[in-house]
Amino acid sequence: MSHTVHRTDVVIVGAGPVGLFAVFECGMLKMRCHVVDALDMVGGQCTALYPEKPIYDIPAHPAIEAADLIDRLAEQAAPFSPTYHLGQQVEKLTRTDEGRWLVETSIGTRIDTQAVIIAAGCGAFGPNRPPLDGLEQYEGTSVFYMVRRKQDFAGKRVVIAGGGDSAVDWTLSLADVAEKVYVVHRRPKFRAAPESVARMDVLVREGKVEMVVPYQLSGLVGGNGQLSAVRVATLDGEEKDLPADALLAFFGLSMNLGPIAEWGLNLERSHIGVSLPGCATSAPGVYAIGDIATYPGKLKLILCGFSEAAQAAHAIHPLVHPGEALHFEYSTSKGVPGAE
Ligand SMILES: Cc1cc2nc3c(=O)[nH]c(=O)nc-3n(C[C@H](O)[C@H](O)[C@H](O)COP(=O)(O)OP(=O)(O)OC[C@H]3O[C@@H](n4cnc5c(N)ncnc54)[C@H](O)[C@@H]3O)c2cc1C
């Protein structure tokens with residue numbers, strides 16, 4: 001374990017889109033940041049769950065793939081030289097005698113900081129896994145909970161299970177490249193954007209996609225990590241096998257706050273309650289933004305997280321630069337190192 005204690009102005013817990021934008025907002029107010037993420041890459045849900053999915057509701061980008069959005073946010077943060085600590089979970093937050101915070105991670109990194117911004121999304125997130133016998137032997141080889149590269153499914157017979165946006169969006173996307181796409185859902189109605197459901201119906205009529213409803217997953221057929229079929233059943237127990245090379249199961253994310261639940265913050269159903277403006281939590285100097293933060297009227301959208309990042313940075317400024325007046329300014333090149 002390292003004995004070095006880093007010292008900084010702000011520690012950002014979570015390098016998802018909102019955490020990355022918080023680096024920029026803090027940087028514009030001359031506050032240095034260290035960013036910690038449990039994953040070994042930046043980007044949070046965008047990188048881990050849907051890198052190739054276009055996002056349509058980022059202002060000034062009629063459509064941008066999630067991975068591209070993350071590249072641009074990292075580029076926007078880069079002039080402020082944040083220090084990234086990836087592949088490690090923040091486990092402990094301890095208030096120091098000087099009224100600062102000591103942040104400690106799972107691999108022993110220690111950071112002494114004036115303020116903490118928790119941008120931890122759904123916490124330590126993981127997929128909801130279907131309760132199927134022998135599932136583990138296929139995970140990562142034939143059973144997946146996310147698509148890293150669409151081309152990995154080219155020419156394959158793919159079973160997509162689920163009834164939400166992810167299931168529908170990936171059906172639309174993989175229908176281009178897969179040999180066959182089956183969609184398994186336990187009811188005929190999908191909880192997804194109506195326009196996407198309509199596009200999926202067109203693919204069904206064209207024979208590119210086959211609907212398997214109302215069915216649910218009941219078993220996996222194959223061996224040595226390679227599926228040959230996915231077994232499905234009706235609620236009455238009537239079973240059939242769908243010949244398949246891969247199963248993509250989209251049953252949502254499990255919310256597990258992990259160590260964050262132990263930090264004594266005001267929690268509201270697995271989220272951190274914050275007060276506006278500023279996104280302050282119940283602990284002094286600790287702020288929460290993005291998906292993990294909640295307040296009346298909260299929308300879990302990336303663009304709302306961006307606004308919360310700006311608010312938190314402004315709220316933290318007097319803690320880091322006490323007595324220094326913060327005159328509200330629009331962004332100019334003066335605030336961004338290296339900008340013309
Ligand atoms: C399939 C799908 C499609 C979506 N499409 C859209 C869309 O079109 N438009 C839109 O606005 N939103 C969309 N979203 C939602 C969007 O991705 C989230 O709102 C966004 O990712 C939230 O960003 P965040 O930075 O708050 O958290 P996240 O992206 O969840 O990142 C949080 C990070 O914190 C890390 N972390 C958690 N706990 C710790 C800890 N203790 N220590 C260290 N690191 C920790 C996690 O590893 C993670 O990397 C979509 C989501 C999904 C799943």
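Throughout, numbering of the chain's residues begins at 1 and tracks the sequence. Any value given below was found using the heavy atoms of this structure, including those in side chains, with hydrogens, waters and symmetry copies removed. In each ligand, atom 1 is the first atom listed, and ligand 1 is the first ligand listed.
- Scanning L299, V35, V90, I118 for the heavy atom closest to atom 42 (N) of ligand 1 points to V90.
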- Yes or no on side chain to side chain contact (heavy atoms under 4.5 Å, CB included) for I272 and L267, after CA distance, side-chain angles and deciding distance? CA-CA 5 Å; I272 301 173; L267 297 182; 3.9 Å; yes
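- Protein heavy atom closest to atom 23 (O) of ligand 1, with residue, atom name and distance, is P17 CG, 3.5 Å.
- In this structure, D245 contributes its side chain and K156 its backbone to no donor-acceptor pair below 3.5 Å.
- Here CE of M31 is found 5.5 Å from CD1 of I316. Values are rounded to the nearest 0.5 Å.
- Residue contacts with ligand 1: P259 is placed with no nitrogen or oxygen under 3.5 Å of a nitrogen or oxygen of the ligand (distance criterion only).
- Backbone and side-chain nitrogen or oxygen atoms of D37 are examined, and one is located within less than 3.5 angstrom of a nitrogen or oxygen of ligand 1.
- Considering backbone and side-chain atoms together, P54 places no N or O closer than 3.5 Å to any N or O of ligand 1.
- Under a 4.0 angstrom heavy-atom cut-off, Q88 registers as being in contact with ligand 1.
- Within the set A309, A66, A120, the minimum heavy-atom distance to atom 36 (N) of ligand 1 is found for A120.
- Heavy-atom distances between L39 and ligand 1 reach below 4.0 Å in at least one pair.
- The shortest heavy-atom distance from G305 to ligand 1 is not under 4.0 Å.
- Ionic pairing of E98 and R100 is not present here: no N-O contact between side-chain nitrogen and carboxylate oxygen is shorter than 4.0 angstrom.
- In this model, no donor atom of one side chain and acceptor atom of the other lie less than 3.5 Å apart for E268 and T294.
- Exactly one of N224, V159, L227 qualifies for a side-chain contact (heavy atoms from CB on, under 4.5 Å) with S142. That residue is L227.
- For atom 25 (O) of ligand 1, the closest non-hydrogen atom of the protein is V18 N, 3.1 Å.
- Remark: D291 does not engage K300 in a salt bridge, criterion side-chain N to carboxylate O under 4.0 Å.
- Considering backbone and side-chain atoms together, Q45 places an N or O closer than 3.5 Å to an N or O of ligand 1.
- Looking only at atom types and distance, the side chain of T109 has a donor-acceptor partner in the side chain of Q88 under 3.5 Å away.
- Here is the list of ligand 1 atoms found below 4.0 Å of a heavy atom in L301: 10 (C), 11 (O).
- With a heavy-atom cut-off of 4.0 Å, K53 touches ligand 1 through its side chain alone.
- For the pair G123 and ligand 1, a heavy-atom separation below 4.0 Å is found.
- Using a cut-off of 4.0 Å between Lys/Arg side-chain N and Asp/Glu carboxylate O, E324 and K30 are scored as not salt-bridged.
- Protein heavy atom nearest atom 51 (C) of ligand 1, with residue, atom name and distance: Y50 CE2, 3.5 Å.
- Put simply, the side chain of R187 does not reach to within 4.5 Å of the side chain of V213, judged on heavy atoms.
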- Query: Should S173 and K53 be marked as a side chain to side chain contact (heavy atoms under 4.5 Å, CB included) after you check the CA-CA gap, both sets of side-chain angles, and the distance that decides it?
  - Reply: CA-CA 8 Å; S173 183; K53 182 187 106 60; over 6 Å; no
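- Less than 4.0 angstrom separates some heavy atom of G44 from each of these atoms of ligand 1: 29 (O), 31 (O), 48 (C), 49 (O).
- Inclusion of S166 in the set of residues having an N or O under 3.5 Å from an N or O of ligand 1 is not warranted.
- For E308 and K298, the salt-bridge test passes: some basic side-chain N is under 4.0 Å from an acidic carboxylate O.
- When the options I302, I260, V147 are ranked by their closest heavy atom to atom 20 (C) of ligand 1, first place goes to I302.
- In the vicinity of G290, heavy-atom distances shorter than 4.0 Å reach the ligand 1 atoms 26 (O).
- At a heavy-atom cutoff of 4.0 Å, ligand 1 is contacted by the side chain of D57 but not by its backbone.
- Of all protein heavy atoms, the one closest to atom 43 (C) of ligand 1 is A38 N, 3.3 Å.
- With atom 39 (C) of ligand 1 as the reference point, the heavy atom nearest to it among D169, V13, D291, I55 is part of V13.
- Applying the 4.0 Å criterion to heavy atoms of G14 picks out, from ligand 1, the atoms 33 (C), 34 (O), 35 (C).
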- Item | Verdict with reasoning, L257 to W263, per side chain to side chain contact (heavy atoms under 4.5 Å, CB included) | CA-CA 10 Å; L257 282 182; W263 297 347; over 6 Å; no
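- Nearest non-hydrogen protein atom to atom 27 (O) of ligand 1 is G121 CA, 3.2 Å.
- Note that K150 lies outside the cation-pi zone of F153, set by a 6.0 Å cut-off to the ring centre and a 45° limit from the axis.
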